Structures are given as structure tokens and as C-alpha cells.
Amino acid sequence: MEYVTIPSSKFEDVIHHLRHNFPDEPLNASVGLCVHGKPCELLEHHDLMTMQDGLSVMALDKATGEIAGVALNGIARKGDVEKALEDMKTIDNIKYQRIFGLLNNVNKTADLYTKYNVDKIFELRILSVDSRFRGKGLAKELFRRSEMVAKEHGFKLIKVDATSLFTQRVAECLDFIVEKSVKYGDYKDENGQKMYDTKSPHDYYKVMIKLISDKTTDG
Ligand code: ACO
């Protein structure tokens with residue numbers, strides 16, 4: 001496997017990869033915003049904006065040159081979450097509102113900028129591995145590489161909105177800590193119905209962070 005920063009010439013290929021693999025993400029699978037193989041305008045806009053920050057990483061299958069997995073990383077700044085919550089009011093899509101409403105509201109209460117005295121955060125926003133390559137440690141390696149990119153660019157804090165238990169396992173293994181943990185089953189709509197019907201074992205969404213040390217870790 002070869003790991004490289006995603007160049008703009010590969011943005012369309014990444015979108016193609018995500019259309020076929022990211023819909024399995026537990027929150028999306030629960031509300032059905034994006035469907036396998038189909039364009040998903042609202043999420044793809046978010047993906048393209050993130051890739052434009054130039055911090056995203058992909059794993060390429062050396063034999064075929066195909067994209068095996070991606071970590072889309074972006075810069076989050078103080079005030080972004082509040083603005084996103086305002087902007088969401090103009091987006092008439094209940095599925096989008098359910099996913100991003102949860103993420104933005106939980107992040108708002110976490111207020112990591114104040115707690116860690118930073119004005120920007122390296123966000124690992126989208127983690128996706130081609131279903132043919134799952135369970136082989138690619139997500140873990142994409143995480144590690146993303147952490148290296150964050151360090152190279154001078155970030156003090158890296159954060160992931162870990163909506164999947166598998167992402168939480170990778171993050172724990174790399175010494176991330178849990179800042180916020182919410183149980184999907186606790187959210188009910190006005191009729192008392194569950195808002196998120198995520199499949200087991202994906203029962204919690206966790207905001208996980210790691211402070212990036214200046215010290216070298218390669219001995
Ligand atoms: N069953 C049980 N455990 C699993 C499974 C599975 N099907 N798949 C992965 N795991 C566990 C692994 O055992 C490992 O845990 P461990 O270190 O305790 O053994 C951990 O999850 C990570 O394993 P990797 O092999 O590194 O993960 P993989 O390359 O398979 O990718 C990913 C995981 C990215 C979640 C993949 O399943 C995927 O693309 N899913 C669809 C999209 C998604 O859910 N993305 C994450 C959402 S959160 C976010 O995007 C920031």
C-alpha cells in the first residue's frame with residue numbers, strides 16, 4: 001500500500017471512492033442521507049471543501065493504483081460550529097440536519113478552543129476504507145499518517161468525530177482521549193421515536209482528541 005497526500009487531480013476519484021464506500025458510516029446508514037453508488041451533493045460539498053485544505057491522505061493499492069482508503073482532514077477554527085449551525089437553518093434536508101445537527105451541537109458543548117487554548121484544530125473528518133480492504137489495519141495507518149501531517153503543519157490539537165466503534169478503537173489505540181460521548185439511542189424525536197437507529201456495535205458517538213507533542217516519537 002502507498003500513502004500519499006491527496007492532490008487536486010485526485011479529488012474526483014476520492015468522491016467516487018466515497019460514493020461506493022462511505023454510506024456504510026453508522027450515522028449515514030441510520031438516516032440514509034447518502035446511498036451507495038449515487039451522488040450525495042451535501043456531503044460531497046463538505047468533502048471537497050475539506051480536501052482543499054491540502055491535509056488529506058489516501059492509501060493506494062500499489063498493484064492497481066486504485067484508492068483503497070482515505071482520511072479527509074480539514075482545519076476547524078473558532079466560530080465554525082456556530083456558523084455551521086446558523087447555515088443549517090437554510091438547508092431543507094432533515095437527514096442532513098439530523099447528522100450535522102448532532103455533530104455540531106455536541107462539538108459546540110465541547111468547546112475545545114477554550115479548554116485547550118487553541119484557535120485552530122486539525123479535524124479528521126472522513127475516514128473511509130474500500131470494503132475489499134477492510135480489517136487489514138488501513139484505517140489505523142491513515143490515522144497515523146494524518147497525525148504526522150498535523151504535526152508537520154504545527155497543529156497542537158487533533159480531533160475526530162468518531163461515529164463508528166471501529167474509529168473509536170483506532171483512536172484509543174493511538175492514545176486519543178474521549179472528550180464527549182453520547183449514546184445514539186438516547187435521542188428521541190417529538191413523537192418519542194428514536195432519531196438514530198444505528199446498527200450494533202455502533203451505539204455511541206465520541207468526540208476524541210489528542211494533544212500533539214513537540215517531542216519526536218521516532219526515537
Ligand atoms: N468487525 C469488528 N471489528 C472491526 C471490523 C469489523 N467488521 N472492522 C474493523 N474492526 C476493528 C478492528 O479490529 C480494529 O480494532 P482493533 O485495533 O481493536 O483490532 C479497528 O476496528 C480498526 O481496524 P482497521 O482494519 O484499521 O479498520 P478498517 O481499515 O477496516 O477501516 C473503517 C475501518 C474506516 C471504519 C471502515 O470500516 C469503513 O470505511 N467504514 C465505512 C465508513 C465509516 O464508518 N467511517 C468511519 C466513520 S467516523 C469518521 O469518518 C471520522
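What you see is a predicted model; the values in this text were computed from it and never measured.
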Exercise for the section: Report the C-alpha separation of Lys159 and Asn107 in whole Å, then their side-chain angles, then the decisive distance to 0.1 Å, and conclude whether the side chain to side chain donor-acceptor pair (under 3.5 Å) test is met. Expected result: CA-CA 10 Å; Lys159 186 205 80 170; Asn107 273 279; 2.7 Å; yes
Practice task
I would like to know whether Leu112 and Ile209 meet side-chain contact (heavy atoms from CB on, under 4.5 Å); could you show each step before the answer?
Solution key: CA-CA 9 Å; Leu112 300 172; Ile209 66 106; 3.8 Å; yes
Problem - Steps toward side-chain contact (heavy atoms from CB on, under 4.5 Å) verdict (Ser56, Thr5) - result: CA-CA 6 Å; Ser56 299; Thr5 304; over 6 Å; no
Handout entry: Derivation of the side chain to side chain donor-acceptor pair (under 3.5 Å) call for Tyr116 and Glu179
Key = CA-CA 12 Å; Tyr116 292 102; Glu179 277 292 337; 2.3 Å; yes
Problem - side-chain contact (heavy atoms from CB on, under 4.5 Å) between Ile212 and Leu157, intermediate numbers included - result: CA-CA 6 Å; Ile212 300 171; Leu157 192 69; over 6 Å; no
Practice task
Run the numbers on Phe133 and Met1 for side-chain contact (heavy atoms from CB on, under 4.5 Å), then give the verdict.
Solution key: CA-CA 11 Å; Phe133 294 91; Met1 213 45 78; 3.8 Å; yes
Exercise for the section: Check the pair Glu123, Arg77 against salt bridge (charged side-chain N to carboxylate O under 4.0 Å, His left out), reporting the backbone distance first and the verdict last. Expected result: CA-CA 10 Å; Glu123 265 187 346; Arg77 296 187 173 81; over 6 Å; no
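When side chains are defined from C-beta on, Ile126 counts as touching Asp47, because their heavy atoms get closer than 4.5 Å. Residues Ser131 and Asn21 are in side-chain contact: their nearest non-hydrogen atoms beyond the backbone lie under 4.5 Å apart. Residues Met58 and His17 fail the side-chain proximity criterion, which asks for heavy atoms closer than 4.5 Å. Using a 4.5 Å heavy-atom cutoff, the side chains of Thr109 and Lys180 are in contact. Side-chain contact between Asn73 and Asp53 is absent, with no heavy-atom pair separated by less than 4.5 Å. Taking the side chain as every heavy atom from C-beta outward, Ile15 and Met51 approach each other to under 4.5 Å. Annotation: side chain of Leu43 is not in contact with side chain of Ile99 (no heavy-atom distance under 4.5 Å). No side-chain heavy atom of Leu55 sits less than 4.5 Å from a side-chain heavy atom of Ile6.
Taking CD1 from Ile67 and CG from Leu18, the interatomic distance works out to 8.0 Å, rounded to the nearest 0.5 Å. Atom NZ of residue Lys140 and atom SG of residue Cys173 lie 3.5 Å apart, to the nearest 0.5 angstrom. Going from atom OG of Ser30 over to atom NZ of Lys194 covers 10.5 Å, rounded to the nearest 0.5 Å. One finds the OH atom of Tyr187 at 12.0 Å from the OG1 atom of Thr198 (value rounded to the nearest 0.5 Å). Taken to the nearest 0.5 Å, the CD1 atom of Ile177 stands 12.5 Å off from the NZ atom of Lys206. Separation of atoms CG (Leu127) and OG (Ser146) is listed at 7.5 Å; rounding is to 0.5 Å.
With a 6.0 Å radius and a threshold of 12 heavy atoms from other residues, nucleotides or ligands, Lys78 has its NZ atom above the threshold. The environment of Met88 atom CE is dense: over 12 non-hydrogen atoms of other residues, nucleotides or ligands sit within 6.0 angstrom. The number of heavy-atom neighbours closer than 6.0 Å to CG of Asp92, taken from other residues, nucleotides and ligands shown, is 12 or below. Heavy-atom neighbours of Phe155 CZ from other residues, nucleotides or ligands within 6.0 Å: above the threshold of 12. When the shell of 6.0 Å around NE2 of His36 is examined, it contains more than 12 heavy atoms from other residues, nucleotides or ligands.
The pair Lys10-Asp13 counts as a salt bridge, with a side-chain nitrogen and a carboxylate oxygen less than 4.0 angstrom apart. Classification of Asp111 and Lys115 as a salt-bridged pair fails, no side-chain N sitting under 4.0 Å from a carboxylate O. Using a 4.0 Å cut-off between charged nitrogen and carboxylate oxygen, Asp24 and Arg134 count as a salt-bridge pair. In summary, Lys210 and Glu147 engage in a salt bridge, as defined by a charged side-chain N under 4.0 Å from a carboxylate O. Of the charged side-chain nitrogens involved, none lies within less than 4.0 Å of a carboxylate oxygen, so that Glu2 and Lys62 do not count as a salt-bridged pair. A salt bridge links Arg144 to Glu141: at least one charged side-chain nitrogen sits closer than 4.0 Å to a carboxylate oxygen.
For the residue pair Asn28 / Lys95, no side-chain donor-acceptor distance below 3.5 Å is found, with atom types taken as modelled. In this model, no donor atom of one side chain and acceptor atom of the other lie less than 3.5 Å apart for His202 and Thr163.
A donor-acceptor distance shorter than 3.5 angstrom exists from the side chain of Gln97 to the backbone of Ile91, with no hydrogens or angles considered. Judged by distance alone, the side chain of Arg125 and the main-chain N or O of Ile75 form a donor-acceptor pair under 3.5 Å. No side-chain donor-acceptor contact under 3.5 Å links Gln193 to the backbone of Asp189. Within the 3.5 Å criterion, the main-chain N or O of Ala162 finds no donor-acceptor partner in the side chain of Thr167. Side-chain N or O atoms of His45 include none that pairs as donor or acceptor with a backbone N or O of Glu41 at under 3.5 Å. Judged purely by atom type and a 3.5 angstrom limit, Thr50 uses its side chain to pair as donor or acceptor with the backbone of His46. Listed for the Tyr196 side chain is a donor-acceptor partner under 3.5 Å among the backbone atoms of Arg98.
Tyr204 approaches Gln168 most closely through the heavy-atom pair O-NE2, 2.8 Å. Here the closest heavy-atom approach between residue Ser213 and residue Lys151 is recorded as O-CE, 3.3 Å. Residue Asn104 comes nearest to Ala84 through the heavy atom pair ND2-CB, 3.7 Å, listed as atom of the first residue, atom of the second, then distance. Here the shortest heavy-atom pairing between Ala59 and Leu142 reads N-CD2, 3.9 Å. Minimum heavy-atom separation, Ile158 to Ala150: CD1-CB, 4.4 Å. Nearest approach of His20 to Gly37, heavy atoms of both residues: CE1-CA, 3.7 Å.
Ring planes of Tyr184 and Tyr205: parallel class, angle under 30° (limits at 30 and 60°).
Taking hydrophobic clusters as Ile, Leu, Val, Met, Phe, Trp and Tyr residues chained together by side-chain heavy-atom distances below 4.5 Å, Val149 shares a cluster with Met208. In the hydrophobic clustering of ILVMFWY residues, with side-chain heavy atoms under 4.5 Å counting as a link, Leu103 and Leu85 come out together. Note: the hydrophobic cluster containing Phe100 also contains Val207 (ILVMFWY, side chain heavy atoms under 4.5 Å, direct or indirect links). A continuous path of ILVMFWY side-chain contacts below 4.5 Å connects Val81 to Val182, so both sit in one hydrophobic cluster. Residues Leu211 and Phe143 do not share a hydrophobic cluster, clusters being chains of Ile/Leu/Val/Met/Phe/Trp/Tyr side chains in contact below 4.5 Å.
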